[in-house]
Amino acid sequence: MDIELEESSDDDDFNPFSAPEIPFDFAHHDPDSDDNDDTTTFIAPPIQLSHTHTLRTALASLPHSDITGRVESILRYMNQLGFNLPLFLDFVCWGHSSCITNHKVRYERTALMVSDEFPTIIERCHKPPRTPGSHHTRAEGARQPLETFAFSCVADVVNAELQGIQDLTRCSDEQISGEGFTSLYIEDMVLKLSSPGFGGTPKFWALLQRLTKTRAQEKRKTQRSTDLVNLSIIFQIAFSRNQYDNRWAKFLTTFLKAQGISAKSLDLLHTFCLTMSHKWSVRSINTISANEMARVQEQVQRLPFVISHDNVNIPFRVYSQRLDNQSHFDSGTAATIFFQPNAPVEPALNNRALQEFRAAGRKVSLSITEIYDLEQAAAPHYYERDIYRVLRYLIESPEFDFKTYTQQSHPTFTAPPPIQQLPSGTAYVTQQFMLGTVHIEEASYEGNDKLIMEWMRQANLHSEYERKKTGLERVICWVGDQLTVERLRGLYKFRAQDHNSYDRLDWMVPLFGWFHLQMAFANSLHKQYLGTNAGRGLMHAFSLLERKGLHTVQTRGPFHQNLHEAICHVAEAHFRACWRVVGQVESLEELREKSPDELKDFAKLIIDKLASSEAVEDIDQLPEEDRDQILRQSTLFLRDVLRYIDLNDAIKCGDVGIMEQTLPHLLFRFAGGNNSKYTLEILELLQAFQHEWPADVKDFVRRRGWLINSTGKRHDFLPIDKGQEHNIKDLKVTHRTQGPNASWDLMKKISPTIPTLRAVRKHMEKQIKTLRRGASHTDPSAAMDIDRLDDAYMASSVHVQVDGRKAKSKADEVVDVVSNGALYLLTKKTMKKWWNNRDFRRSFKEDW
């Protein structure tokens with residue numbers, strides 16, 4: 001048991017009756033036992049202890065002069081024998097061989113060592129008390145030799161403890177990986193170092209705990225913990241003593257490397273034995289890269305996976321221009337492979353079965369009737385979710401103050417059940433591994449052909465055995481943007497007569513990314529509803545809210561994020577205005593008086609009369625002079641924006657059932673909006689789901705081919721191609737290569753380490769509680785923006801029928817893109833042309 005001695009002032013007289021507790025139970029220790037070693041031996045209380053108590057009790061009744069006289073007599077007798085007190089104590093305390101074994105001397109020596117008085121004697125020798133009533137300088141006593149001895153004891157104890165913590169401080173090359181670093185927990189290390197019985201440094205930790213806090217700080221309960229300080233000191237000393245005790249230094253170096261620390265800063269910290277050197281950090285990149293690639297190559301043999309690649313544009317800048325050294329803008333490609341290593345084991349997808357289903361499905365074309373049936377089957381689910389979403393716009397408004405609403409637990413306010421929601425939790429966390437970066441553009445068929453071979457080589461799937469196994473047994477989902485998938489599908493067609501399944505790419509299932517589809521959806525809404533400042537379309541909202549840069553569609557920068565936010569805010573303002581119109585109230589606060597059933601009826605009325613195709617048809621059936629083009633525009637916008645928000649929420653919460661339900665609506669929108677690229681992508685996916693994929697492939701695509709979840713949280717899903725964009729952002733910005741040595745080869749080395757560096761950074765920040773600063777962007781409140789739009793829509797009566805109201809200009813007249821798309825598929829030759837392009841012969845031979 002470690003006991004801290006009380007701090008006392010040099011001006012205080014020593015009180016023997018207030019001596020501190022000793023950190024060791026001498027009453028149960030035999031100092032003369034031959035069995036004593038570093039481990040304490042406990043025996044019965046020695047008889048000397050009780051004998052000493054008896055003598056002290058007897059002496060307590062004597063006058064002080066008698067006690068002094070007896071001490072003086074003993075000292076005089078020692079002088080007569082040729083002894084003094086130092087020699088006497090030296091011989092008694094193991095200073096002479098005969099005294100060591102003499103029974104009488106041994107008895108008295110043990111009495112001294114186990115006595116309660118012995119610690120008090122040492123304390124008084126270290127700091128002698130003053131003579132009562134005296135104010136002279138305190139006697140020196142044995143302060144100097146005792147402090148020298150105590151320092152030596154402490155050094156020996158600390159040295160012994162530091163020699164026993166190599167299991168905590170050593171770090172092999174195999175541990176230089178994401179899994180190795182993220183298995184290091186500060187709380188566990190603090191517990192092992194500070195607690196006895198874990199092979200740590202409990203005595204050294206207690207000493208540091210005493211030194212890193214003053215007495216005043218210990219009394220303040222709000223004083224911050226010094227555990228991290230103590231931990232850092234111990235590992236810093238261990239690294240200083242032995243260069244191989246570097247686990248903490250390697251972890252800290254990797255974390256700082258992930259934060260973009262400069263080389264000089266790293267070398268400075270290395271001088272203080274806090275981190276490894278910059279030279280080591282460079283070598284560690286190669287080690288981490290090799291370890292991660294080895295891990296990928298091992299996991300692809302036993303786990304299902306999905307691959308995604310996308311284009312990377314890198315500006316290379318030079319500082320001294322020469323003919324062969326010029327600044328230039330270059331394009332290449334980066335790829336990522338996705339696993340769920342902790343998910344339940346599932347049977348592998350069979351390539352032969354996929355080939356057979358594809359062959360049979362190529363004889364049966366997707367019909368327009370099937371598409372209409374899918375949309376009709378999804379309509380009741382749309383309606384139920386739309387009613388709940390309209391209710392949410394009300395109960396989440398500040399005026400309604402749902403927290404104080406008396407019937408907030410009513411079933412009306414319960415969300416509809418999911419259609420097919422992906423499981424969440426730690427078992428379903430998606431791990432990402434970047435396969436690398438190459439200087440090959442993906443825009444051409446030839447480039448994609450080379451890329452496929454390069455990524456298969458990186459994953460160690462290029463050997464003759466692996467090629468045959470992949471061609472006959474393995475199915476791989478390959479995700480990309482629309483251009484990537486179009487090129488992959490073109491290669492699939494171009495290689496239709498190659499010698500074997502591997503060369504024909506029969507094992508590949510190309511899938512478009514839902515993030516790029518969301519962007520196309522938002523751009524379609526932008527094109528359809530932009531209008532002018534004089535109208536009440538999106539242009540009017542952008543100008544009213546001073547949202548700059550949204551008047552024309554862009555592909556770079558934060559355009560999509562800004563457009564997405566603007567669409568959501570405009571939709572919320574419209575629906576708040578609808579509540580005021582349908583409820584016939586001036587403020588949403590007045591609706592608190594309504595019951596949940598009445599509010600649900602209002603929500604149904606909003607959907608039926610102000611946000612549905614039926615409402616648009618009712619307006620179109622009026623005589624032309626009575627039609628209200630502004631009301632028609634707002635009704636169309638609310639009908640279409642509900643599908644956009646519904647899809648966005650489904651992606652966030654991982655409801656792939658809703659995503660699949662939305663496919664017919666997306667097909668109608670892209671067909672009617674002249675987006676032929678995504679029209680063909682939706683047709684290909686529906687054809688595969690309806691006719692060309694076996695059940696296990698369809699299930700795998702839903703569960704693994706669309707979304708990933710890197711945290712395990714329920715509402716933290718994102719499309720695979722968006723995860724790939726995050727990796728490219730880290731490659732281009734967070735962990736970018738720069739300077740005269742920047743090259744594609746260097747980026748190829750660095751890219752596999754990016755997921756590890758990201759994991760180490762998050763792991764460290766989570767432990768030291770810095771995630772709240774700089775880890776995410778907090779959106780500012782949109783309440784003022786929504787209120788301004790709400791008031792503008794109410795003032796303009798955009799949700800009230802005004803006979804004969806016309807749009808201000810031709811640009812403000814809105815076309816029903818979705819309805820037109822459904823008619824185009826029926827009347828035009830879009831589907832026939834698509835089907836004719838799929839009419840090609842495909843070989844089934846296996847010549848290896």
Side-chain angles (χ1 to χ4, degrees), residues 299 303-310 335-344 346 349 378 381 385 415 417-434 475-482 484-485 509-522 560-561 564 643-663 665-666 678 681-682 684-686 688-689 693 695-729 755 758 776:
Q299 290 192 169
L303 295 175
F305 58 90
V306 176
I307 295 180
S308 174
H309 76 253
D310 201 358
T336 306
I337 189 166
F338 301 88
F339 296 96
Q340 285 186 0
N342 300 317
E346 57 185 83
L349 302 177
H381 300 282
R385 291 195 301 272
I419 304 301
Q420 184 181 350
Q421 190 166 23
L422 296 179
S424 55
T426 54
Y428 296 94
V429 171
T430 306
Q431 289 185 357
Q432 307 177 38
F433 298 93
M434 291 193 68
V475 175
I476 301 177
C477 292
W478 209 292
V479 181
D481 57 20
Q482 190 278 326
T484 300
V485 176
V509 177
L511 300 170
F512 65 81
W514 285 81
F515 173 61
H516 288 86
L517 181 137
Q518 283 183 282
M519 296 174 64
F521 196 166
H560 172 67
Q561 175 64 24
H564 170 75
R643 298 283 62 77
Y644 176 80
I645 297 173
D646 189 35
L647 176 61
N648 182 71
D649 289 350
I651 290 175
K652 281 185 177 180
C653 67
D655 196 333
V656 294
I658 294 178
M659 295 169 64
E660 186 176 354
Q661 279 186 349
T662 313
L663 288 174
H665 177 86
L666 292 170
Y678 271 103
E681 292 301 331
I682 302 297
E684 287 287 344
L685 186 58
L686 288 173
F689 268 113
W693 286 347
D696 57 347
V697 173
K698 289 188 285 188
D699 182 60
F700 184 85
V701 167
R702 294 187 191 100
R703 292 185 295 104
R704 300 285 190 92
W706 287 349
L707 304 175
I708 59 174
N709 190 327
S710 58
T711 65
K713 297 179 180 178
R714 184 181 177 186
H715 297 286
D716 233 359
F717 290 89
L718 70 158
I720 286 181
D721 54 329
K722 189 172 184 179
Q724 174 66 17
E725 294 289 350
H726 288 174
N727 291 336
I728 291 176
K729 175 253 183 182
R758 186 192 301 142
S776 60

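Just so it is clear, the structure is predicted and the values come from calculations on it, not from any experiment. Index from 1, following the sequence.
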Original post:
Met434 and Pro755: which non-hydrogen atoms are nearest, and at how many Å?
Top reply: N-CG, 3.9 Å

Subject >> Worked verdict on His309 versus Thr336 for side chain to side chain contact (heavy atoms under 4.5 Å, CB included) >> reply: CA-CA 6 Å; His309 76 253; Thr336 306; over 6 Å; no

Original post:
SG of Cys653 to CG of Asp716: how many Å apart, nearest 0.5 Å?
Top reply: 11.5 Å

Original post:
Taking it one step at a time, do Trp478 and Val509 satisfy side chain to side chain contact (heavy atoms under 4.5 Å, CB included)?
Top reply: CA-CA 6 Å; Trp478 209 292; Val509 177; over 6 Å; no

Original post:
Given the rule in the side chain to side chain contact (heavy atoms under 4.5 Å, CB included) test, do Phe700 and Cys477 qualify, once you have shown the distances and angles that lead to the verdict?
Top reply: CA-CA 9 Å; Phe700 184 85; Cys477 292; 3.7 Å; yes

Original post:
Using a distance-only test with no angle check, is there a side-chain donor-acceptor pair under 3.5 angstrom linking His516 and Tyr678?
Top reply: no

**OP:** Determine, stepwise, if the pair Asp655 / Gln420 fulfils side-chain hydrogen bond (donor to acceptor under 3.5 Å, both in side chains).
**Re:** CA-CA 5 Å; Asp655 196 333; Gln420 184 181 350; over 6 Å; no

**OP:** Would you sort out whether Leu663 and Leu685 count as a side chain to side chain contact (heavy atoms under 4.5 Å, CB included), showing the intermediate values?
**Re:** CA-CA 9 Å; Leu663 288 174; Leu685 186 58; 3.8 Å; yes

Original post:
Does a side-chain heavy-atom distance below 4.5 Å link Gln340 with Val429?
Top reply: no

Original post:
Taking the side chain as C-beta and beyond, is there a heavy-atom pair between Ser710 and Phe338 under 4.5 Å?
Top reply: no

Subject >> Salt bridge Arg704-Glu346, side-chain N to carboxylate O under 4.0 Å >> reply: yes

Original post:
Hey, are the side chains of Val656 and Arg703 touching, using non-hydrogen atoms and a 4.5 Å cut-off?
Top reply: no

Subject >> Shortest non-hydrogen contact from Ile682 toward Phe512 >> reply: CD1-CZ, 4.0 Å

**OP:** Mind checking the CD-CD1 spacing from Gln724 to Ile708? Nearest 0.5 Å is all I need.
**Re:** 9.5 Å

**OP:** Answer yes or no: is there an ion pair linking Asp649 with Lys652, defined by an N-O contact shorter than 4.0 Å?
**Re:** no

Original post:
For residues Gln432 and Asn727, is any side-chain donor paired with an opposing acceptor at under 3.5 Å?
Top reply: yes

Original post:
So how far is it from Leu511 CG to Glu681 CD, rounded to the nearest 0.5 Å?
Top reply: 9.5 Å

**OP:** Taking the side chain as every heavy atom from C-beta outward, state whether Asp310 and Asp721 have any atom pair closer than 4.5 Å.
**Re:** no

Subject >> Gln299 side, atom CD; Phe433 side, atom CZ - distance, nearest 0.5 Å >> reply: 5.0 Å

Original post:
Any idea which heavy atoms bring Thr426 and Asn342 closest together, and the distance?
Top reply: O-ND2, 4.1 Å

Original post:
According to the interplanar angle, ranging from 0 to 90°, do the rings of Phe689 and Trp693 count as parallel (below 30°), tilted (30 to 60°) or perpendicular (above 60°)?
Top reply: perpendicular

Original post:
Any side-chain heavy-atom pair from Thr662 and Ile658 closer than 4.5 angstrom?
Top reply: yes

**OP:** Give the minimum heavy-atom separation between Ser424 and Gly712, together with the two atoms involved.
**Re:** CB-O, 3.3 Å

Original post:
So do the side chains of Ile337 and Val306 get within less than 4.5 Å of each other, counting heavy atoms only?
Top reply: no

Original post:
So how far is it from Trp514 CH2 to Leu718 CG, rounded to the nearest 0.5 Å?
Top reply: 14.5 Å

**OP:** Name the orientation class of the two ring planes belonging to Phe339 and Phe305 (parallel below 30°, tilted from 30 to 60°, perpendicular beyond 60°).
**Re:** tilted

Original post:
Quick one: are Arg385 and Gln661 in side-chain contact, heavy atoms under 4.5 Å?
Top reply: yes

Original post:
Hey, does the side chain of Thr430 reach the backbone of Asn709 with a donor-acceptor pair shorter than 3.5 angstrom?
Top reply: yes

Subject >> More than 12 heavy atoms from other groups under 6.0 Å of CZ on Arg702 >> reply: yes

Original post:
Taking the side chain as C-beta and beyond, is there a heavy-atom pair between Trp706 and Glu660 under 4.5 Å?
Top reply: yes

Original post:
Which distance, rounded to the nearest 0.5 Å, do you find between the CZ of Phe521 and the CG of Asn648?
Top reply: 10.5 Å

